[in-house]
Each structure stands twice: as C-alpha cells, then as structure tokens.
Amino acid sequence: MLPFARVAVIGCGLIGSSLLRAVRTHMPTVRLTATDADPAVRARVVELQLADDVADNAGAAVVDADLVVLCVPVGAIGAVATEIAGELAPGAIVSDVGSVKASVLADLSAALPGVAIIPAHPVAGTERSGPDAGFPSLFHQRWCILTPPEGADEADIARLAAFWSRLGSNVETMDARHHDLVLAVTSHIPHLIAYSIVGTASDLEGVTNSEVIKFSAGGFRDFTRIAASDPVMWRDVFLSNKDAVLDVLQRVTEDLTALQRAIRWGDGDTLHDRFAASRAIRRAVIDAGQDTAAPDFGRDHK
Ligand code: NAP
C-alpha cells in the first residue's frame, strides 16, 4: 500500500520539481498538487505536466493532501506554514526538505500547533535552481534524514520513511540539532569556503591578468561549481544554522592556522600527515557510494 494518496508540494524549484517527478515515476497513482510563489514557475509546472493540479497559493494547494512537503528556502518556511495553517486536512502530515532542521522545526511547530510535523532533508542536489533543473532520480541512493520532534507518532515517521524509500533514498532518523552540526561540517562549511575562495580569486583577477579563469582547472573550477549554488537558499542556510556553522568555522580557522604555521616553518611531516589522512577520507567517501571512483570526477578527457 502507498504511504500517501494525495501529496502537495509547495515550491517547485530544483528539489520540489524533482520530488514531483520522482513521485510520478515511483508512485504514479498518487494525486499531486503543486504551487509556487512565482507565477512563471507555476506556469512552467503546468507546461511540464509535473502535477495533477497547480494551485494559485499554498492554502489552496493543501486542502485535501495527506502529505504536504514545503520545498521553499529555509527562511520562507515559517511564512508558508502560517499560510497553510487553517487549510490542512485532519491528520495531514507536514514535512519539508530544508537544509537546516532545528530552525525549521521551531518555525513549523510555532505556526502549526497540534499538526503532525516530521521535518526531512534529502541530502541530494546540484548547483542548479528552478523547475527545469529537477530530475526524477535525484534522490536515488542518497540519504534522506528525518528529524521528528520528541513525541512524534511512530506511525507517521514510518509513513514518511516509506515515502522516501520508495523514491530511492536511504532513510535515517536524527535529532534536528545533531543534523545541523553534521551538515555544517559536510555541506555548509564547504559551501562557505567555496564562496569565499571564488570571491577572493575574483578580487585578484586584476592582479593575475585574468589567468584565474584561464588556468581554472587547477582545482579552482571545482570550487566554482559549489559556489554557483542558489544565493537565496544559501543565505538562508547560514542565517538559520548560525551556531553550528560558527562553531565549526572556529575549528576550521584553527586547523588552517596550523597548516599556515607548518608551511612557514618548513614542517613537511605535518603537511604530509594531514594530506595523507585526507586521501584516506576520499577513499572512504567512494567506498560509501557517495561519489564515483573515476579520476577527476569522471570528466571526459578525450
Ligand atoms: P529553488 O530551485 O530556488 O526553488 C525554490 C522555489 O520556492 C522557487 O521557485 C521559489 O520561488 C519558491 N518559493 C520561495 N518562497 C516561496 C513561498 N513563500 N511560497 C511558495 N514558493 C516559494 O531552491 P531548491 O534548491 O529547490 O531549494 C528548496 C529547498 O530545498 C531549500 O529549503 C533548500 O535548503 C533545500 N535543499 C536544497 C538542496 C540543493 O542542493 N539545492 C539540497 C537539499 C535540500 P521564487 O524564485 O519566486 O522565490
């Protein structure tokens, strides 16, 4: 039996439109209703036939849904929750896909007292945005982390876990604060570093006579992919996960200072040890199925 019969998706960008496509592919009988704040996005969802109905606003989208998934930037979750508060069907589960979980849980709980809230984060994405960027296999073999509040109904958690499993994800349950710390290390800080390095390089363009772009294959281009990610989404991630990001950033700064000292004093052993340990971590990421083993991310060098 399907975990849900009528699913409403609010926000039809990369993640929302991928979710619509994935549900269509893996659970074709589920009735899909979609909406987005942007009328051009709503029109595109109609054109692409991603949903059975496209509503003009979030309230109208959720009226008969048994699962509502908010796929908007983290900073917009509270406002959308307020919009749908009076419109939800009895027993509906409200979830989301936000990259930060403690602030989302607080915003949803404040706006939707008495509603079954099970926040979720599919750890899957690309640097692209909008309804044309989505694809149905985005969640295949990727983790989806559920962060239910204390006291959440086990049956509701199991239904949402079954939903994401059917979309091809591996599901794990975690406390929201722990999620935010783990993701600060694995996702948020790497994005911050990429944004920072690309900004520094662009400031130095004048000094280097445009050679930064010309010789970018020396590692820089891989940072530019990460730093091409959606600015609104990432602004909201850093504002919403401030404490964990600042904690981890402090550690990163100390570690960078240690490397700086090793370079200054010609301490090759420290540099070698640190780089060798990093290589082992890359191997572990590949062994865990999180990336291809092909050299240079499998780029075609023909
Ligand atoms: P996106 O492609 O920019 O799409 C977000 C969509 O939500 C846009 O069409 C946006 O419309 C719409 N929206 C914004 N505020 C809204 C509101 N109040 N009501 C209805 N629609 C609204 O972003 P995305 O990459 O799909 O990210 C969506 C969520 O997924 C974020 O919470 C993000 O943290 C999470 N996430 C992203 C990734 C990733 O790699 N991108 C991975 C995992 C999770 P406008 O353009 O008009 O604002």
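Both ligands and their constituent atoms are indexed starting at 1 by order of listing. Atom set for the values below is all heavy atoms of this structure, side chains included, hydrogens, waters and symmetry mates excluded. Keep in mind that this is a model prediction, so the values were computed, not measured.
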Salt bridge or not for [X] and [Y], using N-O below 4.0 Å?
| X | Y | result |
| --- | --- | --- |
| Glu47 | Arg44 | yes |
| Arg221 | Asp296 | yes |
| Arg128 | Asp230 | no |
| Lys101 | Asp96 | yes |
| Asp52 | Arg24 | yes |

Provide, to 0.1 Å, the distance between [atom] and the closest protein heavy atom, together with that atom's residue and name.
| atom | answer |
| --- | --- |
| atom 15 (N) of ligand 1 | Ala76 CB, 3.9 Å |
| atom 36 (N) of ligand 1 | Ser99 OG, 3.4 Å |
| atom 23 (O) of ligand 1 | Leu14 N, 4.5 Å |
| atom 28 (C) of ligand 1 | Cys71 O, 3.3 Å |
| atom 43 (C) of ligand 1 | Pro122 O, 3.3 Å |
| atom 40 (O) of ligand 1 | Gly125 CA, 3.3 Å |
| atom 4 (O) of ligand 1 | Gly13 CA, 3.2 Å |
| atom 14 (C) of ligand 1 | Pro73 CD, 3.5 Å |

Val80 and ligand 1 - part of the residue with a heavy-atom distance under 4.0 Å: side chain
Within reach of ligand 1, part of Asp236 (heavy-atom separation under 4.0 Å): neither
Within-shell test, Ala133 vs ligand 1, heavy atom, strictly < 4.0 Å: no
Contact with ligand 1 for His121, non-hydrogen, under 4.0 angstrom: yes
Val45 vs Arg42, side chain to side chain contact (heavy atoms under 4.5 Å, CB included): CA-CA, chis, key distance, verdict: CA-CA 5 Å; Val45 171; Arg42 295 201 295 272; 5.7 Å; no
Heavy-atom nearest option to atom 27 (O) of ligand 1, drawn from Ile15, Ile77, Val237: Ile15
Nearest-option assignment for atom 46 (O) of ligand 1, heavy atoms, candidates Asp96, Asp38, Val72, Val232: Asp38
Derivation of the side chain to side chain contact (heavy atoms under 4.5 Å, CB included) call for Ile77 and Leu108: CA-CA 7 Å; Ile77 296 251; Leu108 290 176; 3.6 Å; yes
Validation row: Ser18, Leu14 side chains within 4.5 angstrom (heavy atoms): yes
Ligand-residue contact atoms, ligand 1 with Ala37, heavy atoms, under 4.0 Å: 16 (C), 17 (C), 19 (N), 20 (C), 21 (N), 22 (C)
Short N or O distance, Asp36 and ligand 1, threshold 3.5 Å exclusive: yes
